[in-house]
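Source: prediction; values computed, not measured. For reference, positions follow the sequence shown, starting with 1.
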Amino acid sequence: MSILDKTKKVSKIRGMSLTEVAIKAGLAEKSIYSWDRSTPKADNLQKVADVLHVSTDYLLGRTNDMNPTLSDDLTPAQKEVAYFIDPEATKEDIEQIKQLVEIAKLSKRRL
């Protein structure tokens, strides 16, 4: 899958068009569409990755994990829960899941 294809896929998951992603990243409106013909500059790729909450390695096809650095602080059990619920979970989603797990653990202790 090309950089453009990965970017389209994640944009769709995030509910944004490529034009919206480009604008939020501070790029020209149609600039991402040119990624099928030429490799983007590293700083532009990073800006888009930041907007989409994924790693540049994911967009480059070097990993299948959208947020490898974000998931490193999870325990194996938390990863299993987060990715069972939504394998495309964002950083915010994972934080909410972690809070829910903590609440569940507290509730269990009170019983």
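- Of all the heavy atoms in I3 and T39, the pair that sits closest is CD1-CG2, 4.4 Å.
- Applying the side-chain hydrogen bond (donor to acceptor under 3.5 Å, both in side chains) rule to pairs touching residues 27-36 yields T19-K30, sequence neighbours excluded.
- Of all heavy-atom pairs between V21 and M16, the closest is CG2-CB, 3.9 Å.
- Atom CG of D57 is separated from atom OG1 of T63 by 7.0 Å, given to the nearest 0.5 angstrom.
- Between atom CG of residue L4 and atom CZ of residue R37 there is a gap of 9.5 Å, rounded to the nearest 0.5 Å.
- Atom OG of residue S2 and atom NZ of residue K8 lie 7.5 Å apart, to the nearest 0.5 angstrom.
- V54 and I23 fall into different hydrophobic clusters, where Ile, Leu, Val, Met, Phe, Trp and Tyr side chains are chained together by heavy-atom contacts under 4.5 Å.
- Other residues, nucleotides and ligands place more than 12 heavy atoms under 6.0 Å from the CG atom of D43.
- Here the closest non-hydrogen pair linking T56 and A49 is CG2-CB, 3.9 Å.
- In terms of heavy-atom proximity, K6 sits nearest to M1 at CG-SD, 3.8 Å.
- Contact between I32 and L18 at its shortest, heavy atoms only, is CD1-O, 3.7 Å.
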Exercise for the section: Kindly determine whether D5 and K9 satisfy side-chain contact (heavy atoms from CB on, under 4.5 Å), including the steps that lead there. Expected result: CA-CA 6 Å; D5 292 333; K9 176 186 169 188; over 6 Å; no

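- Contact of the L45 side chain with the K41 side chain is not registered, since no non-hydrogen atoms from C-beta on lie closer than 4.5 Å.
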Problem - Evaluation steps, side-chain contact (heavy atoms from CB on, under 4.5 Å), between Y58 and L52 - result: CA-CA 11 Å; Y58 177 78; L52 296 174; over 6 Å; no

